[in-house]
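Okay, so here's the structure we're looking at.
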Amino acid sequence: MKPIAVIDNTVLANFLDAGQEELLQKAQIVFNHFLIPTKVKDEFLSVEPTFLSKRQVFARNITSDATGFYRLCTTFDPIILGIAESLVSSGVDSGEAEAIAQAHKQGAKYFFTDDQDCATVVKKEFGWLIPMKTFSLIAILDIHGLLPNAPEVWRFFYQKAGFNHAQLKEAVIDAYSILGVRPDKNTLSVKTSWKRIFGNPPKKKRLV
């Protein structure tokens, strides 16, 4: 059976605001569905007018329909929620706390979030849940052959957010972990090759 994942506002926003919604759609090949907590949906729609219209259109797909891919999740484990909410000072916001509690209730194994503080807390306190980032999802699509223009997609997101080789490697290892395997040295080298993506090593992004 395909795995279930909870997805945070940070990752949704990365794809939608960049005009890459179709990449999220392709994730249906790998995941049974994405759970989106009510508070995450609220955060997703609390945005400046520039992005609001596009997000509102997407939000219509977030429903309680048990057959949908983007499922609004309203049930949670109250004990896990209390524990997660007690960790707010450590970097977990209310939407993320709800996501963690709902993941436990729904049996979701993966949590897509780009909030590093939250990911650190999840790894330390909620070992049954695996945090992954936007780049992990791109790598998942890549290794499943769902990105015929994979180098172009990687270059696009590099220009949008930037990443280093260590982050690329982490994303690819995350992606293979869903298959229950660790890539061999040669496979990992190919999938994380700067040359495959850029042709030549990219210029370092200047810090503002």
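Worth knowing before you read on, the calculation uses all heavy atoms, side chains too, and leaves out hydrogens, waters and symmetry mates.
Judged by distance alone, the side chains of Asp114 and Thr10 never bring a donor and an acceptor atom under 3.5 Å apart. Under 3.5 Å, the side chains of Thr67 and Asp65 contain a donor-acceptor pair of N or O atoms. Using modelled atom types, one finds a donor on one side chain and an acceptor on the other under 3.5 Å when comparing Lys133 with Gln116. Side-chain contact, Gln25 with Tyr70: a donor N or O sits under 3.5 Å from an acceptor N or O. Judged by distance alone, the side chains of Asp174 and Ser177 never bring a donor and an acceptor atom under 3.5 Å apart. Gln106 and Thr75 form a side-chain donor-acceptor contact under 3.5 Å, judged by distance and modelled atom types alone.
In this structure, SG in Cys73 is found 10.0 Å from NZ in Lys105, a value given to the nearest 0.5 Å. The line from NZ of Lys123 to CD1 of Ile130 is 10.0 Å long, rounded to the nearest 0.5 Å. Taking NZ of Lys160 as the reference point, atom CZ of Phe157 lies at 9.0 Å (rounded to 0.5 Å). From Phe31, atom CZ reaches atom NZ of Lys26 across 15.5 Å, with rounding to the nearest 0.5 Å. With rounding to the nearest 0.5 Å, the separation of CD1 in Ile143 from OG1 in Thr187 is 10.0 Å. With values rounded to the nearest 0.5 angstrom, Asn9 atom CG is found 10.0 Å from Ile36 atom CD1.
No donor-acceptor distance shorter than 3.5 angstrom exists from the side chain of Glu21 to the backbone of Leu16, with no hydrogens or angles considered. Looking only at distances, a side-chain donor or acceptor of Ser46 sits under 3.5 Å from a matching main-chain atom of Asp42. Between the side chain of Asp115 and the backbone N or O of Cys118 there is at least one donor-acceptor pair closer than 3.5 Å. Using modelled atom types, no side-chain atom of Arg60 and backbone atom of Val57 make a donor-acceptor pair closer than 3.5 Å. Judged by distance alone, with hydrogens and angles left aside, the side-chain atoms of Arg55 form no donor-acceptor pair with the main-chain N or O of Val47 at under 3.5 Å. The closest donor-acceptor contact from the side chain of Glu85 to the backbone of Ala97 lies at 3.5 Å or more, if one exists at all.
Hydrophobic clustering (ILVMFWY, side-chain heavy atoms < 4.5 Å, transitive): Phe34 and Leu146 are in one cluster. Hydrophobic clustering (ILVMFWY, side-chain heavy atoms < 4.5 Å, transitive): Ile4 and Ile178 are in distinct clusters. Both Leu141 and Met132 are part of a single hydrophobic cluster, where members link through side-chain heavy atoms under 4.5 Å apart.
Evaluation of the side-chain contact (heavy atoms from CB on, under 4.5 Å) rule for Ala103 yields Val6, Ala108, Trp128, Leu129 as partners, not counting sequence neighbours.
Heavy atoms only, all atoms of each residue included: Glu98 and Thr38 are closest at OE2-N, 3.0 Å. Here the shortest heavy-atom pairing between Glu96 and Gly91 reads OE1-O, 3.5 Å. Shown here for Val121 and Ser90, the closest heavy-atom pair between the two residues is CG2-O, 3.6 Å. Heavy-atom minimum distance, Gly95 versus Val40: O-CG2, 3.8 Å.
Applying ring pair (Phe, Tyr, Trp, His ring centres under 6.0 Å) to Trp154 and the options Phe163, Phe198, Trp194 leaves one that passes, Phe163.
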Donor-acceptor pairs are to be reported for all side-chain atoms of residues 164-173 against protein atoms at under 3.5 Å, with residues two or more places apart or in another chain.
| residue | atom | partner | partner atom | Å |
| --- | --- | --- | --- | --- |
| Asn164 | OD1 | Ala166 | N | 3.1 |
| Asn164 | OD1 | Gln167 | N | 2.8 |
| His165 | NE2 | Thr192 | O | 2.9 |
| Gln167 | OE1 | Asn164 | N | 2.9 |

Practice task
Before giving the answer on salt bridge (Lys or Arg N to Asp or Glu O under 4.0 Å), spell out for Asp142 and Arg196 the whole-Å C-alpha distance, their side-chain angles and the decisive distance to 0.1 Å.
Solution key: CA-CA 12 Å; Asp142 189 1; Arg196 176 178 82 104; 2.7 Å; yes
